[in-house]
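Each chain gets a letter, A, B and so on, in the order the sequences are listed, and its residues count up from 1. Worth saying up front: this structure is predicted, and the values here are computed from it rather than measured.
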Protein chains: 2
Amino acid sequence: MAYEDHPDLSVLSSAIGYHLRRAQLAVFQDFTACFAELDLRPAEFSVLTVIARNPGLKQGEVAALLDIQRANFVALMDRLERRGLAERRRFPTDRRSYGLWLTRSGTEHTQRMFDLWHAHEERWVERLGGAGERDRLLDLLNRISSPA
Amino acid sequence: MAYEDHPDLSVLSSAIGYHLRRAQLAVFQDFTACFAELDLRPAEFSVLTVIARNPGLKQGEVAALLDIQRANFVALMDRLERRGLAERRRFPTDRRSYGLWLTRSGTEHTQRMFDLWHAHEERWVERLGGAGERDRLLDLLNRISSPA
DNA sequence: TATTGTTATACTCTATAACTATA
DNA sequence: TATAGTTATAGAGTATAACAATA
């Protein structure tokens with residue numbers, strides 16, 4: 001019977017969520033491979049990026065910005081601090097809070113990080129067929145994930 | 001300073017992986033909400049779908065088809081069997097293998113399942129701007145996840 | 001009283017090695 | 001020897017409740 005050679009995935013083949021998951025997995029796996037030399041996970045990359053561009057944001061602000069639960073953010077930030085890439089500094093006006101900053105080492109780290117990122121991203125842009133196609137994809141994805 | 005009101009996410013805002021993850025999370029969360037009445041997770045939905053369309057496939061074939069490790073597939077299938085939705089049957093020609101089949105109850109279940117799925121999917125298609133936009137999205141996602 | 005960071009905890013998903021029974 | 005299903009286990013990712021310090 002035909003389906004033994006080519007199983008029928010007709011329902012799944014038009015399922016948006018199914019294809020989103022597969023694409024996300026492919027890109028994240030490539031990300032992990034590309035960033036192996038820096039031993040950086042996607043979430044850590046996004047945190048370092050936010051701190052690099054917005055030094056001094058409160059810990060809770062960075063977590064909320066990236067949709068990370070503040071409870072789960074603690075261990076992530078602990079690791080970045082332990083590795084000497086970023087640090088918490090007491091917030092002057094509110095002693096409950098910490099501002100997040102890159103260390104000097106962390107700043108140097110982000111240079112290499114962004115180089116790796118551009119190479120990683122460029123490969124996927126080419127595979128999509130160019131920056132125009134990438135923009136079309138991001139536009140469609142934003143229609144899905146931006147608040148109703 | 002401006003970034004305190006609108007933090008700079010410029011690098012992430014063009015990151016394919018970042019947006020894929022956010023979109024996938026949004027769709028999966030909606031999926032979970034829509035399928036709460038059936039208590040079905042995305043992976044279970046995909047397994048029931050494959051079995052419904054391709055009864056008698058070997059357990060390992062279904063797992064491979066969905067990129068699920070065979071070791072992790074066991075508990076998933078156990079749960080479907082315990083709930084009386086699907087069952088393993090000894091393979092006639094190879095006593096190491098099991099063929100996977102829906103039970104009668106499972107077949108009835110899938111009717112409601114596909115109804116819920118169409119409603120869930122239709123909402124996202126509308127949000128994308130129609131079936132044409134959905135197809136464009138799936139085309140782009142396939143360029144990412146289909147084997148090089 | 002409310003908020004910030006924290007701890008503890010639990011559940012899901014995923015990945016790997018090793019076992020068993022069959023081939 | 002190799003393969004199909006299984007078990008055990010470990011690592012991430014994620015979610016919630018509760019606590020201490022501070023507002």
**OP:** May I ask you to say what B:Arg90 touches in the nucleic acid, namely base, sugar-phosphate or nothing, with a heavy-atom cut-off under 4.0 Å?
**Re:** nothing
**OP:** Find the distance B:Leu25:CG to C:dC13:P and express it as a whole number of Å.
**Re:** 13 Å
Subject >> Atom-to-atom span, CE of A:Met77 to C1' of C:dT4 - whole angstrom >> reply: 15 Å
**OP:** Check if the side chain of A:Arg96 and the base of C:dG5 share a donor-acceptor pair of N or O atoms closer than 3.5 Å.
**Re:** no
Subject >> Separation of atom CD1 in B:Ile68 from atom P in C:dC13, rounded to whole Å >> reply: 10 Å
**OP:** Round to a whole Å and report the spacing from CZ of B:Phe91 to P of C:dA23.
**Re:** 12 Å
**OP:** Output the single nucleotide from D:dT6, C:dT14, C:dG5 whose closest atom is nearest the side chain of B:Asn72.
**Re:** C:dT14
Subject >> Protein-nucleotide distance (A:Glu81, atom CD; C:dG5, atom P), rounded to Å >> reply: 13 Å
Original post:
Start at the 5' end of DNA chain D and walk down; is the nucleotide closest to A:Arg41 or to A:Asp94 reached first?
Top reply: A:Arg41
**OP:** Name the nucleic acid region contacted by A:Gln69, choosing base, sugar-phosphate or nothing; use a 4.0 angstrom heavy-atom cut-off, strictly under.
**Re:** base
Original post:
Of B:Thr93 and A:Gln29, whose closest DNA chain C nucleotide lies nearer the 5' terminus?
Top reply: A:Gln29
Original post:
How is B:Ala43 classified with respect to the nucleic acid when contacts are heavy atoms under 4.0 Å: base, sugar-phosphate, or nothing?
Top reply: nothing
Original post:
So, A:Asp139 and A:Arg143, do they make that salt bridge, N to O below 4.0 Å?
Top reply: yes
**OP:** For A:Arg70 and for A:Arg21, find the nucleotide of DNA chain C with the closest heavy atom, then tell me which residue's nucleotide is more 5'.
**Re:** A:Arg70
Original post:
Which distance, rounded to the nearest 0.5 Å, do you find between the CG of A:Leu48 and the CH2 of A:Trp117?
Top reply: 14.5 Å
Original post:
Contact class for B:Tyr98 vs. all strands (heavy atom < 4.0 Å): base, sugar-phosphate, or nothing?
Top reply: sugar-phosphate
Original post:
Thinking salt bridges, do A:Arg136 and A:Glu133 make one under a 4.0 Å N-O criterion?
Top reply: yes
Original post:
Which part of the nucleic acid, if any, lies within contact of B:Phe73, taking any heavy atom under 4.0 Å across all strands shown: a base, the sugar-phosphate backbone alone, or nothing?
Top reply: nothing
Original post:
Which comes earlier along DNA chain D counting from the 5' end, the contact point of A:Arg95 or that of B:Arg88, where each point is its nearest nucleotide?
Top reply: B:Arg88
Subject >> A:Phe73 vs A:Val47 side-chain heavy atoms within contact, under 4.5 Å >> reply: yes
Subject >> Rounded distance (Å) that lies between atom P of C:dT12 and atom CG of B:Asp78 >> reply: 14 Å
Subject >> Integer-rounded Å distance: D:dT3 P and B:Gln59 CD >> reply: 17 Å
Original post:
Atom CG of A:Leu40 and atom C1' of D:dA12: how far apart are they, to the nearest Å?
Top reply: 15 Å
**OP:** Give a yes or no on whether a salt bridge exists between A:Arg88 and A:Asp78, defined as a side-chain N under 4.0 angstrom from a carboxylate O.
**Re:** yes
